[in-house]
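Encoded as structure tokens, the structure appears first; notes follow it.
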There are 2 protein chains.
Amino acid sequence: MNTESPAQRNTRQRSAVSSVLNEVEGFNSAQDLHARLRERGERVGLTTVYRTLQGLADAGEIDVMRPPGGEHLYRRCSQGHHHHLVCRACARAVEVEGPAVETWAEKVAAQHGFAEVSHTMEIFGTCPECAAKR
Amino acid sequence: MNTESPAQRNTRQRSAVSSVLNEVEGFNSAQDLHARLRERGERVGLTTVYRTLQGLADAGEIDVMRPPGGEHLYRRCSQGHHHHLVCRACARAVEVEGPAVETWAEKVAAQHGFAEVSHTMEIFGTCPECAAKR
DNA sequence: TCCGACAATGATAATGATTGTCAAAAGCGC
DNA sequence: GCGCTTTTGACAATCATTATCATTGTCGGA
């Protein structure tokens, strides 16, 4: 058993999914991405889209957000760890960084003896545009 | 139109749900709580449990967590806003406070002009006990 | 105390995203 | 090119949550 990942094959579908993720902006649901692929003429099964996204998420290549709405949203993000400021109304998302938060999370976890720490954080609000509309 | 909540009625079911929440520890799913109510002999419909929990959550009286597992978990928490440090393996949860995080979240949101800000944060890790078992 | 309006309940069906299944179809090392 | 293995994908299954809607229980006023 080795720590490499030799059993990873390059397939048309996998790069297709990866490719759409590069083109779209913001967060998209799995079903959304699947629809986009079909429009492009790429034949990819919905099941595969789910699997691929899950894989990418595990590998840390994409970000997953679980909004109160229900569906999981995926997005190709800048490499570094960061968080999101999401508009409740229009779903526009802004990437924000918070070194302080990272440090804090790790410190707190350490205090309690927790290891392999990760964390998720989403900030919800109403963006200026949507606030103005009301 | 007033800011009071006059159209809120006290029902047996509502206090039953509230009561179980006081007795249990840690997070429980809606279905879990429903099962507990039945054991106690309280006849409360599953639908009502969901509705009541939602109401309490909206009112800020209970906390909702959405772990990657799928179900929503509810818990009566200390009043103040706080976050959770959850063990990946045994689901043990520790309440933690982070004034710095609150401030940071609001600051960031304000910088982008966002209003009515709220946020969610969960820290996941492996607690000392579970880490030792492996 | 009684009454009537209306919120609340709850059994059941519906929803809908995600996961499981498994035979068929590609990749990759040789 | 060959064969072993992973991957794919159509479809069924799962399962928490929500919608429906007729019935029931509350509560404020008469």
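A note on names: the letters A, B, ... follow the listed sequences, proteins ahead of strands, and every chain is numbered from 1.
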### Query
Which residues pass the side-chain hydrogen bond (donor to acceptor under 3.5 Å, both in side chains) test with A:R40, sequence neighbours left out?
A:S19, A:E23
### Task
Quickly work out the B:F27 CZ to D:dA16 P distance and round it to whole Å.
18 Å
### Message
Contact between B:R75 and B:H84 at the side-chain level, heavy atoms closer than 4.5 Å - yes or no?
### Response
yes
### Summary
Side-chain contact check for B:R9: nearest option of C:dA26, C:dT19, C:dA5 is C:dA5
### A:S18: side-chain contact (heavy atoms from CB on, under 4.5 Å) partners, not counting sequence neighbours
A:R76
### Under-4.0 Å side-chain N/O to phosphate OP1/OP2 contact, B:H72 with D:dT17
yes
### Message
Heavy-atom count check: over 12 atoms from other residues, nucleotides or ligands less than 6.0 Å from B:Q111 CD?
### Response
yes
### Message
Between A:E106 and A:H119, is there a side-chain donor-acceptor contact under 3.5 Å, judged purely by atom types and distance?
### Response
no
#### Entry: Protein-nucleotide distance (B:L53, atom CG; D:dT17, atom P), rounded to Å
10 Å
### Message
Nearest whole Å is fine: how far is C:dT18 C1' from A:L33 CG?
### Response
15 Å
### Query
Given atom CG of A:D32 and atom P of C:dG16, what is their separation to the nearest angstrom?
15 Å
### Message
How about CZ on A:R12, more than 12 heavy atoms from neighbouring residues, nucleotides or ligands closer than 6.0 Å, or not?
### Response
yes
### Protein-to-nucleotide contact annotation, 5' to 3' order, nucleotides 8-13 of chain D [B base; S sugar-phosphate only; - none; under 4.0 Å, heavy atom]
BBBB--
### Summary
Given Watson-Crick and G-U pairs under 3.5 Å, DNA chain C in dot-bracket ([ ] crossing, | other strand) is ||||||||||||||||||||||||||||||
### Summary
Between B:N10 and B:Y50, the residue closer to the 5' end of DNA chain D by nearest nucleotide is B:Y50
### Task
For the residue pair A:H72 and A:Y74, categorise the inter-ring angle as parallel (less than 30°), tilted (30 to 60°) or perpendicular (more than 60°).
tilted
### Summary
Rounded to whole Å, the CD-C1' distance (B:E71 to D:dT14) equals 13 Å
### Task
List for me each residue that meets side-chain contact (heavy atoms from CB on, under 4.5 Å) alongside B:L46, sequence neighbours excluded, and say none if there are none.
B:Q31, B:H34, B:Y50
### Query
Is any side-chain nitrogen or oxygen of A:Q54 closer than 4.0 Å to OP1 or OP2 of C:dT18?
no
### Query
Mind checking what makes side-chain hydrogen bond (donor to acceptor under 3.5 Å, both in side chains) contact with A:R36, not counting sequence neighbours?
none
